[in-house]
Protein chains: 2
Amino acid sequence: MPQRAVVPITAEGLKTACSQCNLQELCLPFGMSDGDIDQLDGLVGARRKVKRHQHLYRVGDTFEAIFAVRTGSFKTDVLLEDGREQVTGFQMSGEIIGLDGISTDAHTCNAVALEDSDVCIIPFANLETLSREVESLQHQFHKVMSREIVRDHGVMMLLGSMRAEERLAAFLINMSQRFTARGFSAAEFHLRMTREEIGSYLGLKLETVSRAFSRFQENGLIKVQQKHIRIVNIGGLKALLSHLPSV
Amino acid sequence: MPQRAVVPITAEGLKTACSQCNLQELCLPFGMSDGDIDQLDGLVGARRKVKRHQHLYRVGDTFEAIFAVRTGSFKTDVLLEDGREQVTGFQMSGEIIGLDGISTDAHTCNAVALEDSDVCIIPFANLETLSREVESLQHQFHKVMSREIVRDHGVMMLLGSMRAEERLAAFLINMSQRFTARGFSAAEFHLRMTREEIGSYLGLKLETVSRAFSRFQENGLIKVQQKHIRIVNIGGLKALLSHLPSV
DNA sequence: CAAGCGGGTTGACGTGGATCAAACGCCCCA
DNA sequence: TGGGGCGTTTGATCCACGTCAACCCGCTTG
């Protein structure tokens, strides 16, 4: 295993054209006019491949760009001195990573690929320049940041006020919705993260996550086969969240 | 008790001048040049008084402006259908509230004054317009949003990976730092929120918060008298966070 | 001055999820 | 084809925090 090897990987010559990208409606350009999107083509610098388990960036790396996931998926996490890990999010195609770096010009979390992945590099200085000219871009970017804040509030709700099975149900419903938005099945999907990573995200131990999966299966809500999940009774899952009697 | 009474309260004629405000270095203008700050004076519309326990905004209110706390303090929270509350943050003078509303043009959380308070109204459309012209404002605003995201990550860490006493220690240290930044004592302060609100924020029940306070007092870390807190051994509190033997 | 009440403290007890431990299954590679 | 390792499942036990309940204190209100 080579150590880090940051530079060679970055040099992925291909320019990405937002105007041609089929992720538009999930990504930064969402809601912008075709004309405005054309202007983005000059902004998005290059792509970068990140192999499974490699870091896209680490805590302390100087902040220069945000990234849009093109293919694959990532987790972001923060570490305590004593090694405890908190996964702060999982990112799928079209989603933006790296916003944490703006505040101090250095990244405050780690971003790790969960599978071989591919991101668009959006140099932040250029983004700010262009969004001073393109109003719709400016507004879209603000929405992206705000959406992240709202998402974080949801996670706080989950971590602070829900019990284990509610957390996992919320997680599965969320994953299902995001897969759906990407044209995949809402009912059947492959989780790219381990039980431990799910647990870290949900504030639970991996054993608890595993048991909750098993319980859901016993109750006919889902079918689990390792990382492969099939949702059998989405209504039942949702009922868990609202404390309703399961339909 | 009158119901809502939104309009009359809003009409607080006084224009606020950022250029004259002593909260500059804690607020949106932080890091901007005097000249650039002068331009903010035209942006910040008016002030609004919010009495204790009154809402600055509620979930679902249409989003029009963000707010800078001038005096007093607030909590923001989100509610589950069954009434469970999750406090997502406490805001003090100079801090910005309302960023959650950008994503959907409607607020996604509630903001409630913890004491009689006073905010500057920053109409968001105007902020976007001006930040297309004033680069430093644009950048500052992005930093404010990013800082909120980073803060949220910290709360996730707290909720997902820390035990009760660690959470409370982190909370006290954080409060102490924020009071210090505002020119108040780092060691002695008055909490404006109840044990229940602290508990909600930290993902604990009020009894657990109360017990942890008592434990800290027994161990000579703090002195508690209802809402009045005196930190006796800040090193001891910090040690709780890093799992070090208490100095 | 008493009554009422919201907030806080404290105790006794219960429990959801953590911890510890064992075993299993899938997958990679020799 | 067989072994080794990581990820997962499952069981037994433990314990941190939640729950329930009593009581206290300082304020307000009549």
Side-chain angles (χ1 to χ4, degrees), chain A residues 1 51-53 75 82-87 112 114-116 158-172 190-219 222-230 240 243, chain B residues 1 52-53 75 82-87 112 114-115 158-172 190-219 222-230 240 243:
Chain A
M1 287 285 127
K51 294 197 98 65
R52 187 163 125 101
H53 293 165
K75 70 167 176 180
D82 63 4
R84 277 178 283 180
E85 176 195 34
Q86 176 68 34
V87 171
V112 183
L114 295 175
E115 59 194 305
D116 291 359
L158 191 139
L159 291 171
S161 308
M162 292 181 162
R163 46 192 54 262
E165 295 195 359
E166 292 173 321
R167 296 184 200 187
L168 192 64
F171 171 75
L172 287 174
H190 209 81
L191 299 175
R192 309 324 291 223
M193 66 294 286
T194 66
R195 299 287 187 264
E196 187 166 21
E197 287 164 334
I198 296 172
S200 170
Y201 180 63
L202 299 178
L204 303 169
K205 293 290 147 181
L206 72 292
E207 294 96 327
T208 305
V209 173
S210 179
R211 275 185 248 272
F213 271 129
S214 299
R215 184 87 52 88
F216 285 175
Q217 181 162 254
E218 283 166 30
N219 298 346
I222 64 174
K223 201 83 179 50
V224 192
Q225 247 171 315
Q226 307 284 113
K227 292 187 150 69
H228 189 86
I229 306 287
R230 186 154 53 84
L240 276 181
H243 266 195
Chain B
M1 287 286 127
R52 187 164 125 99
H53 293 164
K75 70 167 176 180
D82 62 5
R84 278 178 282 181
E85 176 194 33
Q86 175 69 33
V87 171
V112 183
L114 295 176
E115 59 193 306
L158 192 140
L159 291 171
S161 307
M162 291 180 162
R163 47 191 51 263
E165 296 195 0
E166 292 174 321
R167 297 184 200 188
L168 191 65
F171 172 74
L172 287 174
H190 209 83
L191 298 175
R192 309 325 292 222
M193 66 294 286
T194 66
R195 299 288 188 263
E196 187 166 21
E197 287 164 334
I198 296 172
S200 169
Y201 180 62
L202 299 178
L204 303 169
K205 292 291 148 179
L206 70 292
E207 294 96 329
T208 305
V209 173
S210 179
R211 275 186 249 271
F213 270 129
S214 300
R215 185 87 50 87
F216 286 175
Q217 181 162 255
E218 284 167 28
N219 298 344
I222 64 174
K223 201 80 180 49
V224 192
Q225 246 172 314
Q226 307 285 112
K227 292 187 150 71
H228 190 86
I229 305 287
R230 185 153 55 85
L240 276 181
H243 266 194

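Please read these numbers as outputs of a predicted model, since none were measured by experiment. Each chain gets a letter, A, B and so on, in the order the sequences are listed, and its residues count up from 1.
- You'll find that the side chain of A:Lys227 is closest to D:dG7, out of C:dG8, D:dT19, D:dG7.
- Summarising the geometry, the separation between CZ on B:Arg215 and P on C:dG8 is reported as 19 Å, rounded to the nearest angstrom.
- Scanning atom types as modelled, one donor and one acceptor separated by under 3.5 angstrom connect the side chain of A:Arg211 and the base of D:dG11.
- When distances run from any side-chain atom of B:Arg163 to the nucleotides C:dT10, D:dA16, C:dT9, the shortest one goes to D:dA16.
- Taken from CD in B:Glu115 to NE2 in B:His190, the straight-line distance is 9.0 Å, to the nearest 0.5 Å.
- Rounded to an integer number of Å, the gap from CG of B:Leu204 to C1' of D:dA16 is 11 Å.
- Closest to the A:Gln226 side chain, of the nucleotides D:dT8, C:dT9, C:dG8, is D:dT8.
- Surrounding CD of B:Glu207 are more than 12 heavy atoms belonging to other residues, nucleotides or ligands, all under 6.0 Å away.
- Picking from D:dT9, D:dG18, C:dT9 the nucleotide with the shortest atom distance to the side chain of B:Leu206 gives C:dT9.
- The residue from A:Val209, A:Leu204, A:Leu240, A:Ile222 that alone fulfils the side-chain contact (heavy atoms from CB on, under 4.5 Å) condition with A:Leu168 is A:Val209.
- One distance of note links OG of A:Ser200 with NZ of A:Lys205; it measures 8.5 Å at 0.5 Å rounding.
- We find the CD-CZ distance between B:Glu165 and B:Arg215 to be 4.5 Å, quoted to the nearest 0.5 Å.
- Of the candidates C:dA21, D:dT8, C:dT9, C:dA21 carries the atom nearest the A:Glu207 side chain, counting heavy atoms from C-beta on.
- Nearest-nucleotide positions on DNA chain C place B:Ser214 closer to the 5' end than the other of A:Met162 and B:Ser214.
- For A:Val224, taking side-chain heavy atoms from C-beta onward, the closest of the listed nucleotides D:dT9, D:dG7, C:dT9 is D:dT9.
- Atoms CG (B:Leu191) and P (C:dG7) sit 15 Å apart, rounded to a whole Å.
- Among the atoms of the strands shown, none is found under 4.0 Å from any heavy atom of A:Gly199.
- Residue A:Ser210 is classed as a base contact, given a heavy-atom separation below 4.0 Å to a base.
- Separating the NE2 atom of A:His228 from the P atom of D:dT9 is a distance of 14 Å, rounded to the nearest angstrom.
- To the nearest angstrom, P of C:dT19 lies 19 Å from CZ of A:Arg195.
- Ranking D:dT10, C:dA18, D:dG18 by closeness to the A:Lys205 side chain, first place goes to C:dA18.
- Protein atom CG of A:Leu158 is 12 Å distant from nucleotide atom P of C:dG17, rounded to whole Å.
- Look at CD on A:Glu196: it is 16 Å from C1' on C:dG17, rounded to the nearest Å.
- Rounded to whole Å, the distance from CD on B:Glu218 to C1' on C:dT10 is 11 Å.
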